[in-house]
Amino acid sequence: MSRHDPVPAPPDISGLDVKMLSVSELREWHEKLGRWLAEAESAPLATAPNDDVVDEIRTALVDISRERAERQGDERAPRGG
């Protein structure tokens, strides 16, 4: 992308339910949204996406990060009792 190209539309997150995604799907979404967010945040103001769109993607990324961390914590929890 050159410095003046508009940022592509964000990935469609409508209906995204992080609780229903597999571990690999969570990772893929995390990477996809992270790449888009980095591109959007580094775009010149004239071609940058609307702040509301960026915030929506950022919120989805936070939700995915929390779900991934929660699942990793569950895997590390001691078994038995």
Side-chain angles (χ1 to χ4, degrees):
M1 179 175 105
S2 80
R3 300 232 15 100
H4 299 292
D5 289 341
V7 175
D12 181 13
I13 58 171
S14 60
L16 184 65
D17 183 352
V18 298
K19 298 282 187 195
M20 300 304 293
L21 297 176
S22 69
V23 171
S24 63
E25 289 171 324
L26 283 169
R27 180 181 33 78
E28 290 168 9
W29 273 104
H30 191 269
E31 291 171 359
K32 184 188 310 187
L33 296 180
R35 279 192 305 270
W36 185 89
L37 193 58
E39 189 173 336
E41 290 177 335
S42 65
L45 191 55
T47 60
N50 179 294
D51 286 345
D52 292 338
V53 174
V54 172
D55 288 344
E56 184 178 0
I57 297 298
R58 188 179 290 119
T59 298
L61 189 56
V62 167
D63 292 344
I64 290 169
S65 296
R66 284 187 184 137
E67 182 65 21
R68 292 181 77 193
E70 185 176 306
R71 290 188 193 186
Q72 288 174 352
D74 289 347
E75 290 174 3
R76 294 183 185 139
R79 305 243 190 261

K.L.:
If you define the side chain from C-beta out and look only at heavy atoms, does anything of Trp29 sit under 4.5 Å from Asp63?
P.N.:
no
K.L.:
Once rounded to the nearest 0.5 Å, what's the spacing between atom CG of Leu26 and atom CD of Glu31?
P.N.:
11.0 Å
K.L.:
I'd like to know if Glu67 and Arg71 make a salt bridge, using a cut-off of under 4.0 Å between side-chain N and carboxylate O.
P.N.:
yes
K.L.:
Would you mind reporting whether Ile13 and Leu33 have side-chain heavy atoms less than 4.5 Å apart?
P.N.:
yes
K.L.:
Nearest 0.5 angstrom please: Asp52 CG to Ile57 CD1, how far?
P.N.:
12.0 Å
K.L.:
Enter the distance from Asp51:CG to Arg58:CZ here, rounded to the nearest 0.5 Å.
P.N.:
8.5 Å
K.L.:
Test your reading of the model: is there a side-chain donor-acceptor pair from Trp36 to the backbone of Val7, 3.5 Å cut-off?
P.N.:
no
K.L.:
Please give me the minimum heavy-atom distance between Val54 and Ala40, naming the atom from each residue.
P.N.:
CG2-CB, 4.2 Å
K.L.:
Could you report the tightest heavy-atom contact between Ala48 and Ala43, atom names first, then the distance?
P.N.:
CA-CB, 4.0 Å
K.L.:
Might you confirm whether atom CD of Glu25 has over 12 heavy atoms from other residues, nucleotides or ligands at distances under 6.0 Å?
P.N.:
yes
